[in-house]
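So the structure is just underneath, and the comments pick up after that.
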Amino acid sequence: MKNKELRICMVGAGFVGMKHAAVYSALYNTKMQIACDSNIINATKMAERFRFQKVETDWRKAVSDDNVDIVCICVPNHMHFDIAKEALLAGKYVVCEKPLGMNSKESTTLSLLAKEKGIKTSCCYNLVYTPAIQYIKSIVKNGELGELVCFRGAYDNDRLANPNSAYEWRMNKKISKGGAICDLGLNIIAVSQYLFGDTKCVSAMTSVIHKKRVDNNGNECDVENDDIAQFIFEYKNKGIGYISCNRVAPGSKQDMKFEVQFTEGAIRYSLERMNELHIFRNKNCGYETVISDNNGWFNVGYEDLKGIDAENFLFGISNGEGVEIDFSFATKIDRIIEAVLNASEKKTWIEVSNEKEWKT
């Protein structure tokens, strides 16, 4: 597979699909093969802008096309499972936006199917590729600050803080099981998983602040899922944590932040200053500020991370190496989300299912 041109099928020509198309079209060993969207106008615009060879409105025809190697899924959450499953059965490499499934049953099915067929997959938790977070990962791996004591994270955004903001599909449980947790919270959950491993159990609460909104057609609609979600948890290995997410937080833009306390120091990070991190070591008098990491990176932004994510996936395909943020990783995130929503509903601690249980 080394140096082979990889032909891309993009399913979804909205905002996120356009971002993915821009990234993949810029990589040296790709060919933009099919632009697919149920809206022919959107699909055509994508095809013209990024030089796709073909336009398609039927995703089933698109993902089964013999001239496609990679299927990239950028559609609302409830469509992920069917498209990803069909693509895997057709023997395609699959990239899917997050969350992978509507529930853990869907994501587990996809993860096991990919393993069974030996197909490389990727789920777009690209924030873990931020150079600063990669540097934190190396600190954790080397044990520089001792053992983990506590992780505290949050992801707040004010895009929907105005109660007059329009109703959208992310507020419909049939399309997205969770609200803020499936749009914002999953990102900070992924950082926690990436840095410190599996979560054992959770206790959670959720809240809907603006219970009704008007859609773009003037219809009043019920907001069916969480505006705010927060939970405490215990790691499987060592340490405890707290995570919150809020999609109606005034003044917050992309405010993903976390603080990690260790036995011999601490780390603070905020995505709104994504190229900085703050490190405290017990021998020092205060925090030191590090720009990006210790490898001399230039500053990076949102679209750079999508580029890093895509390059890592293509490198894994071309060189036969493992893909770190694959469907198995994504299934773990979906398991945590499901446990959080269940814990909130039942008002009790919920165990997070582990990989051994997926196979039973």
Side-chain angles (χ1 to χ4, degrees), residues 16 73-85 87-88 94-116 119-128 153 155 169-170 172-204 206 224-226 229-231 233-236 241 243-245 247 256 309 323-346 349-360:
V16 174
I73 302 169
C74 302
V75 294
N77 303 353
H78 70 304
M79 299 177 67
H80 291 180
F81 176 75
D82 287 341
I83 300 173
K85 182 179 179 181
L88 289 170
V94 185
V95 180
C96 187
E97 264 298 343
K98 54 196 180 291
L100 178 57
M102 284 286 285
N103 51 56
S104 65
K105 182 179 179 180
E106 288 189 354
S107 53
T108 298
T109 299
L110 294 174
S111 177
L112 294 178
L113 180 60
K115 287 182 180 180
E116 175 189 322
I119 295 175
K120 294 188 186 300
T121 58
S122 175
C123 196
C124 303
Y125 288 102
N126 46 277
L127 292 182
V128 303
Y155 202 139
W169 63 262
R170 290 180 179 83
N172 184 334
K173 275 191 175 182
K174 292 181 180 178
I175 300 177
S176 180
K177 194 73 172 178
I181 197 167
C182 284
D183 185 28
L184 305 173
L186 44 61
N187 291 289
I188 188 66
I189 293 171
V191 171
S192 166
Q193 175 72 42
Y194 183 71
L195 293 176
F196 302 111
D198 295 346
T199 296
K200 179 181 177 183
C201 53
V202 304
S203 178
T206 60
E224 298 176 347
N225 51 32
D226 52 287
Q230 52 189 353
F231 64 99
F233 63 97
E234 181 181 352
Y235 286 105
K236 184 177 180 181
I243 285 176
S244 69
C245 52
R247 66 184 178 188
M256 186 190 82
D309 191 7
V323 178
E324 194 170 19
I325 310 302
D326 61 3
F327 281 8
S328 178
F329 180 93
T331 298
K332 292 184 177 185
I333 308 305
D334 284 358
R335 288 274 175 175
I336 296 170
I337 291 171
E338 187 168 79
V340 168
L341 294 176
N342 286 341
S344 175
E345 181 179 350
K346 297 176 180 178
W349 281 89
I350 295 292
E351 295 282 328
V352 178
S353 301
N354 59 49
E355 189 166 3
K356 290 181 180 179
E357 293 173 325
W358 303 353
K359 302 174 183 179
T360 60

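All residue numbers in this chain count up from 1 along the given sequence.
- Side chains of Val352 and Val202 form a contact here, defined as non-hydrogen atoms less than 4.5 Å apart.
- In this structure, Ser107 OG and Met102 CE are separated by 11.5 Å, a value rounded to the nearest 0.5 Å.
- To the nearest 0.5 angstrom, Leu127 atom CG is 9.5 Å from Leu186 atom CG.
- Applying the salt bridge (Lys or Arg N to Asp or Glu O under 4.0 Å) test to every pair with at least one member in residues 182-192, sequence neighbours left out, gives these pairs: Arg170-Asp183.
- Between the side chain of Thr206 and the backbone N or O of Asp226 there is no donor-acceptor pair closer than 3.5 Å.
- In this structure, the separation between CG on Leu100 and OH on Tyr125 is 7.5 Å, given to the nearest 0.5 Å.
- The backbone N or O of Gly101 sits less than 3.5 Å from a side-chain atom of Asp334, completing a donor-acceptor pair.
- Thr108 has its side chain within reach of Arg335: a pair of non-hydrogen atoms, C-beta onward, lies under 4.5 Å apart.
- Within the 4.5 Å cutoff, side-chain heavy atoms of Arg247 are placed close to those of Asn225.
- Of the inter-residue distances, the one linking Asn187 atom CG with Ser192 atom OG reads 12.5 Å to the nearest 0.5 angstrom.
- At distances below 3.5 Å, not a single donor-acceptor pair connects side-chain atoms of Glu234 with backbone N or O atoms of Lys200.
- In terms of modelled atom types and a separation under 3.5 Å, the side chain of His80 and the main chain of Pro99 share a donor-acceptor contact.
- To the nearest 0.5 Å, atom CG of residue Asp326 and atom OG of residue Ser122 are 8.0 Å apart.
- Although no hydrogens or angles enter the test, the distance criterion places no donor-acceptor pair under 3.5 Å between the side chain of Asn172 and the main chain of Trp169.
- The minimum heavy-atom distance between Ala87 and Val94, with the atom names listed, is CB-CG2, 3.7 Å.
- Counting heavy atoms from C-beta outward, Val191 and Met256 have side chains that approach closer than 4.5 Å.
- Residues passing the ring pair (Phe, Tyr, Trp, His ring centres under 6.0 Å) test with Phe231, sequence neighbours excluded: Phe233.
- Counting heavy atoms from C-beta on, the side chains of Cys245 and Ile188 never come closer than 4.5 Å.
- In this structure Gln193 satisfies the side chain to side chain contact (heavy atoms under 4.5 Å, CB included) test together with Asp198, Phe329, Lys332, Ile333, Ile336, sequence neighbours excluded.
- Under the 3.5 Å distance criterion, the side-chain polar atoms of Ser111 are left unmatched by any main-chain donor or acceptor of Thr331.
- The side-chain heavy atoms of Thr121 and Cys96, taken from C-beta on, include no pair separated by under 4.5 Å.
- Pairs passing the salt bridge (Lys or Arg N to Asp or Glu O under 4.0 Å) check and including a residue from residues 98-111, sequence neighbours excluded, do not occur.
- Residues Lys85 and Leu110 meet the side-chain proximity criterion, which asks for heavy atoms closer than 4.5 Å.
- Closest approach of Val128 to Ala190, counting heavy atoms only: CG1-O, 4.1 Å.
- In this structure, CG in Leu112 is found 11.0 Å from CG in Leu88, a value given to the nearest 0.5 Å.
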Checklist entry - Between Phe327 and Leu113, does a side chain to side chain contact (heavy atoms under 4.5 Å, CB included) hold up when you go through it step by step? => result CA-CA 10 Å; Phe327 281 8; Leu113 180 60; over 6 Å; no

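- For Ser104, the side chain to side chain donor-acceptor pair (under 3.5 Å) partners two or more places apart in sequence, or in a different chain, are Glu338.
- For the pair Tyr194/Ile325, a side-chain contact is recorded, criterion being any heavy-atom separation below 4.5 Å from C-beta on.
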Residues 174-181 side chain polar contacts: donor-acceptor under 3.5 Å, at least two apart:
| from | atom 1 | to | atom 2 | distance (Å) |
| --- | --- | --- | --- | --- |
| Ser176 | OG | Asn77 | ND2 | 3.1 |
| Ser176 | OG | Gly178 | O | 2.6 |

